[in-house]
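In this text, all values refer to a predicted model and were calculated from it rather than measured experimentally. Numbers here are sequence positions counted from 1. Whatever order the structure lists ligands and atoms in, that order sets their numbers, starting from 1.
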Amino acid sequence: MGFQAFRSSFLDFIADPFFVPEAESVRYFADGLMVLEDGMIKDLGAYEDLKGTYAEVPIVDYRDRLILPGFIDTHIHFPQVEVLAAYGEQLLEWLNKYTFPAEGKFHDKSYAQKVATVFLDELMRNGTTTALVFATVHPQSAEAFFEEASRRNLRMIAGKVMMDRNAPDFLTDTAENAYQESKALIQKWHNNGRLLYAVTPRFAITSTNEQLRLAGKLLEEFPDVYLHTHLSENVNEVELVAQLFPDSNGYLDVYDQAGLVRERSVFAHGVQLRDDEFQRLSAAKSAIAFCPTSNLFLGSGLFKLTKAKSAEHPVQVGLGTDVGGGTSFSMLRTAHEAYKVVQLQREKLSPFKALFLGTLGGAKALYLDDKIGNFGVGKEADFVVLDVKATPLMAFRTPNPTAHSLAELAEKVFTLIILGDDRAIAATHIMGELAYQRDLT
Ligand code: GUN
Ligand code: ZN
């Protein structure tokens, strides 16, 4: 691979704009040069400053484009591609009517392989370079996903779902089976190349206490694997959890009693969380995946982002598409809906904060900010090339693609978030290599 260089505008984050003034958290080069060595970032700066040092390196010219770190989707289900746009139900009915039947098909590994390909193609088309991914209960579904992600050299986290009750027979395992199968998958795939494993009990309703306890045992045995589950999404769900676990002090406590609330634990949704639960997540350094398109589509409610990002009890937050409860693979669209969810609570989500959640914020939530999330020297060069004039409307709204001040940049980013989607993704690069180019497909 050797050296590669890219000339473009570059935008990334070097701090959290929820806690540090935006001018100090945003890094921007209107005419920049990014140099890679063997797929890792070697240098980034103004083109004029760096061109002499790297005069020998051939330059890929992306002028008039905007390069961002690849998007990071902190919660998505690869087997739910065909569940997108399922009409009319809220969470528990939606699971039974649409989602469980669709997931049943993944006992067939060749079907799982086919869907994994479609799914990862779609992530690349949307500039999403890392995701935290649910498979199904079938170990072969996780195998199919990891094999395809490995073939593409992607940094992905995934896991086989654990569920031993309150689901159709064709989708349930047992506490002991789930433990053994998950363990075998961890040993095979965790830290295999760029891949990582997440122990994945679906949610409290579909696991017995024994299964949750064994999930906790896996985390003890393999302390650097992830825990990925759903939490406090929907009012009826929270009520059912209280009935199923009468000895718990609320939904989060069910997971806490099993040893599942810790660093590298990622909880999707958290729409119905109580204040003390936010505080517990903060103390435990766990993360929440905020999934606005899903929370609106399934009628779950409005996630309290401002509370999650409070100075007193900050919780790590990333953005999740939650396909197929969510309605789009696009992290731009997801940021757009996040903005509206915050608006409905009479608060503001600035364009930079929204973009942070989809890049460095996601990397921090996944404890991967030493590897991805911005263009720091030594990081893996997964990045997305944006066309801020992708549609006639965007071109009208943003006639000049290059911003020359922070205020101008904020306006361009906001337009991108509100009007942009997969059409704005001109290219996606993985470890420097071209993985998707809009105009060629
Ligand atoms: N809770 C349990 N399973 C699911 C799922 O598949 N999607 C969503 N959105 N919530 C869940
Ligand atoms: Zn989900």
Please determine if the Zn ion (ligand 2) has an N/O/S atom from [X] lying under 2.8 Å away.
| X | result |
| --- | --- |
| Glu233 | no |
| His269 | no |
| His230 | yes |

Going by distance alone, is a donor N or O of one side chain under 3.5 Å from an acceptor N or O of the other, for Gln279 and Asp275?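 There is no such pair (donor and acceptor under 3.5 Å, judged by atom type) between the side chains of Gln279 and Asp275.
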Walk me through it: do Ile372 and Thr129 pass the test side-chain contact (heavy atoms from CB on, under 4.5 Å)? CA-CA 10 Å; Ile372 53 171; Thr129 51; over 6 Å; no
So, regarding [X] and ligand 1 (criterion: nitrogen or oxygen to nitrogen or oxygen, under 3.5 Å), is there a contact or not?
| X | answer |
| --- | --- |
| Thr99 | no |
| Trp94 | no |
| Asp322 | yes |

Compute the angle centred on the Zn ion (ligand 2) spanning NE2 of His77 and NE2 of His75, and express it rounded to 10 degrees.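 For NE2 of His77 and NE2 of His75, the angle centred on the Zn ion (ligand 2) reads 100°.
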Decide whether the shortest distance between a heavy atom of Glu237 and an atom of ligand 1 is less than 4.0 Å.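 For ligand 1, residue contact (heavy atoms, under 4.0 Å) with Glu237 is absent.
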Would the number of heavy atoms belonging to other residues, nucleotides or ligands and lying under 6.0 Å from CZ of Arg194 be above 12? yes
Does Lys353 make a cation-pi contact with Phe18 (under 6.0 Å, within 45 degrees of the axis)? yes
Where does the angle between the aromatic ring planes of His77 and His230 fall among parallel (under 30°), tilted (30 to 60°) and perpendicular (over 60°)? parallel
Parallel, tilted or perpendicular: which one describes the rings of Phe13 and Phe356, with boundaries at 30° and 60°? perpendicular
Protein contact of atom 6 (O) of ligand 1 - nearest heavy atom, named by residue and atom, plus distance: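 Ranking protein heavy atoms by distance from atom 6 (O) of ligand 1, first comes Arg202 NH2, 2.7 Å.
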What residue and atom, counting heavy atoms only, is the protein's closest point to atom 10 (N) of ligand 1, and at what distance?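 Result for atom 10 (N) of ligand 1: Glu233 OE1, 2.7 Å.
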Does the separation of the ring centres of Phe78 and Phe106 fall below 6.0 angstrom? yes
Given Ile288, which of Leu231, Leu305, Leu273 fulfils the side-chain contact (heavy atoms from CB on, under 4.5 Å) condition?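 The residue from Leu231, Leu305, Leu273 that satisfies side-chain contact (heavy atoms from CB on, under 4.5 Å) with Ile288 turns out to be Leu273.
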Contact list for residues 86-96, test side chain to side chain donor-acceptor pair (under 3.5 Å), sequence neighbours left out: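 Sorted result for residues 86-96: Glu89-Lys97.
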Which atoms of ligand 1 are found less than 4.0 Å from any heavy atom of Leu95? 2 (C), 3 (N), 4 (C), 5 (C), 6 (O)
Heavy-atom contacts with Leu91 under 4.0 Å: which atoms of ligand 1 show up? List them by number with element.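 Reading through ligand 1 atom by atom, the close ones are 1 (N), 8 (C), 10 (N), 11 (C).
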Among the N/O/S atoms of Asp322, which is closest to the Zn ion (ligand 2)? Give the atom name.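 In Asp322, the N, O or S atom with the shortest distance to the Zn ion (ligand 2) is OD1.
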